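Take a look at the structure set out below.
In this text, all values refer to a predicted model and were calculated from it rather than measured experimentally.
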Amino acid sequence: MGKSSKDKRDLYYRKAKEQGFRARSAFKLLQLDDDFNFLEDAVRVVDLCAAPGSWSQVLSRRLFVEGRDNSDRKIVAVDLQPMSPIDNVITLQADITHPRTLQTITDLFEGEKADFICSDGAPDVTGLHDLDEYVQQQLILSALQLSTCLLRKGGNFVAKIFRGRDIDMLYSQLGYLFDKVVCAKPRSSRGTSLESFIVCLGYNPPVGWEPKLDINVSVEDFFQGCDIGKLSLDDEGGKLLDYREEPRSIAKFIACGGLSSFDSDATYHVDPSSSALDPVQAPTNPPYKKALELKRKGKMSRAI
């Protein structure tokens with residue numbers, strides 16, 4: 001599909017380019033913040049799985065206001081993929097599961113805790129919904145581990161989720177760590193998509209629990225002090241010693257963006273005189289980069 005037809009099919013795609021955003025996903029964070037105001041008093045912010053950087057652009061525009069003293073404000077964006085620079089954003093090409101990443105962010109914040117952490121990351125989907133949901137939940141748990149080490153008490157966490165039949169277990173687990181857990185669907189997110197966003201407000205870890213990120217420690221062992229129910233077996237015959245079933249809960253589900261926002265599943269007419277807009281930022285390391293280089297050098301031949 002060419003740029004021209006996509007401009008007409010998806011108005012958020014065009015609006016993102018008109019407003020200088022690298023991707024249409026910027027409107028998802030904008031609509032979430034309009035409803036929850038989690039960026040209103042934020043000073044130190046972390047954007048996980050940040051590439052190509054549209055959420056970091058939103059954070060930069062919301063936190064760094066012209067005419068205000070912004071000297072104490074810091075935004076750190078982390079991703080395994082390289083990112084082009086963004087005003088007022090410190091970019092790290094790093095693994096969010098590695099302790100070195102935690103230490104680097106802690107040093108950048110000069111030992112202070114973060115007010116807000118977000119993750120718009122998602123795996124390459126396979127089309128097998130159960131598998132995609134499982135992999136996505138593992139990504140959320142990896143982001144959550146880093147977040148528990150960085151967030152101040154009362155801080156907020158937002159992450160993309162794929163809603164499936166076992167999503168209530170994730171809601172329950174997050175409920176052990178936050179005062180309020182809400183599932184939100186921005187109007188800019190297509191209705192045909194499984195994605196929603198889990199909004200966790202008021203970080204409130206169990207008393208005495210000190211999270212410690214270790215690459216060799218499993219997710220279950222990491223959260224061992226959170227009183228999340230699990231079964232216990234003895235060391236000899238595998239006899240069941242203790243089992244407390246985790247109470248499952250359903251998070252409140254809301255729509256964000258209001259009826260006045262554009263419908264992401266609708267087709268809008270664009271002025272015929274309008275030209276197709278170029279992307280705001282070209283991909284820094286696209287999967288087709290090598291193919292383009294070979295084509296320029298005349299080393300790609302068409303199969304007969």
Side-chain angles (χ1 to χ4, degrees), residues 28-29 32 36 38 42 44-50 55 59 76-80 92 94-106 109 113-123 132-164 166-184 195-230 246-251:
K28 300 173 186 177
L29 184 59
L32 288 168
F36 295 98
F38 38 64
R44 289 169 296 276
V45 171
V46 182
D47 183 10
L48 304 176
C49 306
W55 277 30
L59 295 173
V76 178
V78 186
D79 201 288
L80 283 171
L92 297 178
D95 183 350
I96 66 172
T97 67
H98 204 286
R100 280 201 301 266
T101 305
L102 169 62
Q103 187 58 54
T104 301
I105 298 174
T106 302
F109 285 165
K113 294 289 188 178
D115 302 300
F116 175 73
I117 299 179
C118 59
S119 173
D120 189 33
D132 293 336
E133 291 160 16
Y134 172 77
V135 176
Q136 176 65 9
Q137 288 194 24
Q138 296 308 303
L139 180 61
I140 292 172
L141 290 174
S142 295
L144 182 62
Q145 288 182 81
L146 182 63
S147 298
T148 57
C149 298
L150 286 170
L151 271 178
R152 65 168 175 81
K153 188 172 182 179
N156 303 315
F157 173 72
V158 171
K160 177 186 289 185
I161 63 169
F162 293 158
R163 287 184 299 140
D166 292 324
I167 195 64
D168 54 343
M169 180 176 290
L170 180 63
Y171 295 153
S172 301
Q173 291 169 334
L174 291 167
Y176 282 94
L177 297 169
F178 294 88
D179 292 334
K180 186 177 182 180
V181 177
V182 179
C183 182
E195 75 166 8
S196 293
F197 293 86
I198 194 73
V199 180
C200 306
L201 306 174
Y203 178 54
N204 189 18
V207 177
W209 180 59
E210 295 183 6
K212 185 178 180 181
L213 197 61
D214 187 334
I215 198 169
N216 297 312
V217 171
S218 68
V219 173
E220 184 176 278
D221 288 337
F222 178 89
F223 291 107
Q224 191 171 9
C226 290
D227 196 33
I228 296 177
K230 63 179 182 178
E246 237 176 82
R248 297 195 176 193
S249 61
I250 302 297

With a sphere of 6.0 Å drawn around [atom1] of [X], does it hold more than 12 non-hydrogen atoms of other residues, nucleotides or ligands?
| X | atom1 | result |
| --- | --- | --- |
| Phe109 | CZ | yes |
| Arg152 | CZ | yes |
| Lys180 | NZ | no |

How long is the gap from [atom1] on [X] to [atom2] on [Y], to the nearest 0.5 Å?
| X | Y | atom1 | atom2 | value |
| --- | --- | --- | --- | --- |
| Leu170 | Arg163 | CG | CZ | 13.0 Å |
| Thr97 | Leu48 | OG1 | CG | 11.5 Å |
| Leu174 | Ile140 | CG | CD1 | 7.5 Å |
| Leu146 | Leu141 | CG | CG | 13.0 Å |
| Leu150 | Asp115 | CG | CG | 11.5 Å |
| Asp221 | Asn216 | CG | CG | 11.5 Å |

Under 4.5 Å between any side-chain heavy atoms of [X] and [Y], yes or no?
| X | Y | answer |
| --- | --- | --- |
| Val182 | Phe36 | yes |
| Lys28 | Glu195 | yes |
| Leu144 | Leu177 | yes |
| Val46 | Ile105 | yes |
| Leu213 | Gln145 | yes |
| Phe162 | Val135 | no |
| Ser119 | Ile96 | no |
| Cys149 | Lys212 | no |

(message) Please verify the inter-ring angle class for Phe197 with Trp55; under 30° counts as parallel, over 60° as perpendicular, anything in between as tilted.
(response) tilted

(request) Return the orientation label for the Tyr203 and Phe178 ring planes: parallel under 30°, perpendicular over 60°, tilted otherwise. (result) tilted

(message) Using side-chain contact (heavy atoms from CB on, under 4.5 Å), reason through Tyr171 and Ile161 one step at a time and then give a plain yes or no.
(response) CA-CA 11 Å; Tyr171 295 153; Ile161 63 169; 4.0 Å; yes

If you compare all heavy atoms of [X] against all heavy atoms of [Y], which two are closest, and at what distance to 0.1 Å?
| X | Y | value |
| --- | --- | --- |
| Gln136 | Lys160 | NE2-O, 2.6 Å |
| Ile215 | His98 | CD1-CD2, 3.6 Å |
| Gly202 | Asn156 | N-OD1, 3.1 Å |
| Cys49 | Asp79 | C-OD2, 3.0 Å |
| Ser147 | Ile117 | OG-CG2, 3.3 Å |

(request) Determine, step by step, whether Phe157 and Phe38 satisfy the side-chain contact (heavy atoms from CB on, under 4.5 Å) criterion, reporting the C-alpha distance in whole Å, the side-chain angles of both residues, the deciding distance to 0.1 Å, and the verdict. (result) CA-CA 9 Å; Phe157 173 72; Phe38 38 64; over 6 Å; no

(message) Applying side-chain contact (heavy atoms from CB on, under 4.5 Å) to Thr148 and Phe222, what does each step give before you reach the verdict?
(response) CA-CA 10 Å; Thr148 57; Phe222 178 89; 3.4 Å; yes

(message) Please determine whether side-chain contact (heavy atoms from CB on, under 4.5 Å) holds for the pair Leu59 and Leu29, giving the CA-CA distance in whole Å, both sets of side-chain angles, and the decisive distance to 0.1 Å.
(response) CA-CA 9 Å; Leu59 295 173; Leu29 184 59; 4.1 Å; yes

